Protein chains: 2
Amino acid sequence: MTTTRPAYVTIADVAQRAGVSQMTVSRVINSSAAVRPEKRARVERAIEELGYVPNRLARGLSARRLGVIAVLVPDLTNPFFTEIVHKIEDVASEQGLTVVLGNSDERPEREADFLRTVAALRVDGAIIGATGDGAVASVRRLQSAGIPVVALDRRVGKLPIDIVLGAAAEPAQLLTQHLIQHGHKRIGMIGGPASASTSRERADGYRQALREAGLEEDPSLYRESRFSRSDGSQIGRELLEHRAPPTALVTANSFLAFGVIDAAESLGLSVPGDLAIASFDDFEIGPRQPILTCADQPAGDIAELAARRLLARLRGDDSVPRTVIVGTDIRIRTSCGCRAAEPSEYVTSTSLDS
Amino acid sequence: MTTTRPAYVTIADVAQRAGVSQMTVSRVINSSAAVRPEKRARVERAIEELGYVPNRLARGLSARRLGVIAVLVPDLTNPFFTEIVHKIEDVASEQGLTVVLGNSDERPEREADFLRTVAALRVDGAIIGATGDGAVASVRRLQSAGIPVVALDRRVGKLPIDIVLGAAAEPAQLLTQHLIQHGHKRIGMIGGPASASTSRERADGYRQALREAGLEEDPSLYRESRFSRSDGSQIGRELLEHRAPPTALVTANSFLAFGVIDAAESLGLSVPGDLAIASFDDFEIGPRQPILTCADQPAGDIAELAARRLLARLRGDDSVPRTVIVGTDIRIRTSCGCRAAEPSEYVTSTSLDS
DNA sequence: CTGAAAGCGCTTACAG
DNA sequence: CTGAAAGCGCTTACAG
């Protein structure tokens, strides 16, 4: 079809030019066995002269090891996941591994597509931030094909699997308690999609805090949403127009918080004056001091732990699946009603085996 | 090494179970030729029952078409590139293509590594945001192997190659002119690394504006930098402590602008009162109205155009390499000294053949 | 230390 | 519409 034929140089060409067998060339390329120095030199020269680039597909096919790992995230637009991808890419490239990237956009079908692709590619392993429990079947297929999978940020059903995620219930509880300490009685929450374990756990933490404080739980004050600014804005508006609106809100994601603030402003209300806010995620990017009181999950650490876990599996570690829960910093700023930025930080760091 | 053997089902297993030849199975999988309905049904059932997932490595090896494209960006931390990756991933997945992701971190060696990997993987094509002209050799190697490459955001030396980038000189000129209209006489610029064509062109636009306005060009007011907040902060501080400091600054990237504002604040100076700023990129993410007057390159459009160009090449388009320059919106906000947000937008949109 | 043979799991021609 | 043969470019045993 195209004019230029992919006229690749093959291992046979190199062997012929160097006057050795293919195997010798293979051994030189992979340093997989000792080769007499003179031969090695001849091979290296031939490789150089011919501009030989070993075909990794062929290698992957016969060696059953491609040197590629897959990374799936639910939203590539979210700086939390961006940082995760960035970090995993760093670790991978440092290990000579290549990353195949997938973005499900929180859609289970896209997720299934990607995981099927990845299975077809016979990647060495995968790190996935699932859309939710819908990923169980796909992940199981990968596992039964012998491909190690590490879950990140969200659980995958009840599957026994390595998983690395940020603390969810405790920080939500702390955020809520903080709002309670500011004197709020009617505290609402905009949670994430119930399909994500993280969302459910954060909601638990919120409810737990209310309960412990002896506050009534008004079910109409908890709202499920997608992790988007527009959902935050829309639901925020609805809550603020509630007959008995909340005076404070916990949001499960910063996009949601931004949207709520948009809504408040459009209604002529001020934050935290008319509505106090505490949120998850710390990704305000800009020239001014951030204002959001939030639970900041260390994305880089989560990513690195997940990557290291996968690397261990690739090396043959077949210990029991591990659940690693990474501590979260609570950053007190002004959206909750605090004046100054008293850096009262809370750190939890847990690591359990399951 | 591991306990579970990747006991994959192969096309031969399916063929046997369906009582047909491998070729028939292959034709069913790929819809590459007509197959009698009953046989097709038998094959489909066998695939289902066996849980067969075709091996794309094997397919790629013999068909010389993997269904994978490579995407390289210089900074995965920069929302401009994140959005680009996001969009390319969208287009690719919609076309059934998989994305292999690389991040050079602006380091030519990492770039070369990635491009070598990608060549070894025999990907179908690549879209690369190069670190600079250092990528010439790597790109040439891909091209001569018959792998189409589309450059994005930055040129690759003088290589004849498809390229999609945002306008650079004109917006820089307009930004500078705008500052001049505010009455500034001493206008500096923090440009990006000179290795990137974009940086050089932006600097040209800045100088052009000064020249046309008859303003002196003080070379000490132009500073080269990396695209980072810390560089912005450090260089910003140096410029502000200059014996005759600039009263206005153009920055080639928003991270730089943020850093400059950090520096100004730490010196007790205000923006735009003591220092007016106009920048490239529009990626303030947060709850408040953005303040940066800037040239906003449409990352999504750039990405999509690049992806479409590559797709055309994959389909066999062998026309002359094309240079597409995408228009940039100028967003007037307050960092330049304007009061309100008069949305005076400038749009340029050009497409040239080279 | 070295190499000939077989095989990885597909597809590409080629016949029929 | 269908299939047997050869080949894609490597590596894995196996001999020596």
Side-chain angles (χ1 to χ4, degrees), chain A residues 1 5-43 46-47 50-68 117 119-124 145-146, chain B residues 1 5-43 46-47 50-68 117 119-124 145-146:
Chain A
M1 189 100 47
R5 265 268 195 64
Y8 278 104
V9 176
T10 72
I11 199 172
D13 300 327
V14 175
Q16 186 180 12
R17 175 135 190 162
V20 300
S21 71
Q22 289 194 191
M23 265 321 296
T24 300
V25 177
S26 172
R27 288 193 259 255
V28 170
I29 301 169
N30 301 296
S31 319
S32 51
V35 171
R36 196 178 309 176
E38 311 99 70
K39 290 207 172 185
R40 171 185 301 282
R42 287 223 305 278
V43 170
I47 287 175
L50 262 25
Y52 171 62
V53 180
N55 183 328
R56 271 178 64 177
L57 295 188
R59 185 181 192 297
L61 184 61
S62 51
R64 297 156 177 293
R65 200 182 151 290
L66 225 206
V68 172
T117 295
L121 241 23
R122 306 304 196 248
V123 300
D124 298 340
Chain B
M1 188 96 53
R5 265 268 194 64
Y8 277 104
V9 176
T10 74
I11 199 172
D13 300 326
V14 175
Q16 186 180 13
R17 174 137 191 161
V20 299
S21 73
Q22 287 195 193
M23 265 320 297
T24 299
V25 177
S26 173
R27 287 193 261 255
V28 169
I29 300 169
N30 300 297
S31 319
S32 53
V35 170
R36 196 176 311 176
E38 311 98 71
K39 289 207 173 184
R40 170 184 303 282
R42 288 221 307 276
V43 170
I47 288 175
L50 263 27
Y52 171 61
V53 180
N55 184 326
R56 273 177 63 176
L57 294 188
R59 184 179 194 296
L61 183 60
S62 51
R64 296 154 178 296
R65 199 182 153 290
L66 223 208
V68 171
T117 295
L121 241 22
R122 307 304 197 248
V123 299
D124 299 340

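Letters A, B, ... are given to chains in the order of the sequence lines, protein chains preceding strands, and every chain is numbered from 1. Here the structure is a predicted model, which means the values were calculated and not measured.
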>> Going by salt bridge (charged side-chain N to carboxylate O under 4.0 Å, His left out), name the residues that satisfy it together with A:Arg17, two or more places apart in sequence or in a different chain.
In response: A:Glu49
> So, do B:Val20 and B:Val43 sit near enough that their side-chain heavy atoms are less than 4.5 Å apart?
Replying inline: yes
> Could you state the CD1-P distance from B:Ile47 to C:dG9, rounded to the nearest angstrom?
Replying inline: 16 Å
> Side-chain N or O of A:Thr24 less than 4.0 angstrom from OP1 or OP2 on C:dC1?
Replying inline: no
> Residues two or more places apart in sequence or in another chain: which of them pass side-chain hydrogen bond (donor to acceptor under 3.5 Å, both in side chains) with A:Ser21?
Replying inline: A:Thr24
> Quick one: salt bridge (charged side-chain N to carboxylate O under 4.0 Å, His left out) pairs with a partner in residues 21-39 of chain B, sequence neighbours left out?
Replying inline: none
> How close or far is atom P of C:dG9 from atom OH of B:Tyr8, stated in whole angstroms?
Replying inline: 11 Å
>> In whole Å, I'd like the distance from the CG atom of A:Leu57 to the C1' atom of D:dG7.
In response: 15 Å
> Residues two or more places apart in sequence or in another chain: which of them pass side chain to side chain contact (heavy atoms under 4.5 Å, CB included) with A:Ala63?
Replying inline: A:Arg59
>> So if I take every side-chain heavy atom of A:Val35 and compare against D:dG9, D:dC1, C:dT2, which nucleotide ends up nearest?
In response: C:dT2
>> Are there runs of at least three consecutive Watson-Crick or G-U pairs touching DNA chain D, with each pair's two distances under 3.5 angstrom? Give them by first number.
In response: C:1-3 with D:14-16, C:5-12 with D:5-12, C:14-16 with D:1-3
> Any side-chain heavy-atom pair from B:Leu66 and A:Leu121 closer than 4.5 angstrom?
Replying inline: yes
> Rounded to the Å, how far apart are A:Arg65 CZ and C:dG9 C1'?
Replying inline: 19 Å
>> Using modelled atom types and a 3.5 Å cut-off, is there a donor and acceptor pairing between side-chain atoms of A:Arg64 and backbone atoms of A:Leu61?
In response: no
> How does each nucleotide of nucleotides 10-16 of chain C score, in 5' to 3' order, for protein heavy atoms under 4.0 Å: base (B), sugar-phosphate only (S), or none (-)?
Replying inline: BBB----
> Should A:Lys39 be listed as having a side-chain N or O under 4.0 Å from OP1 or OP2 of C:dT2?
Replying inline: yes
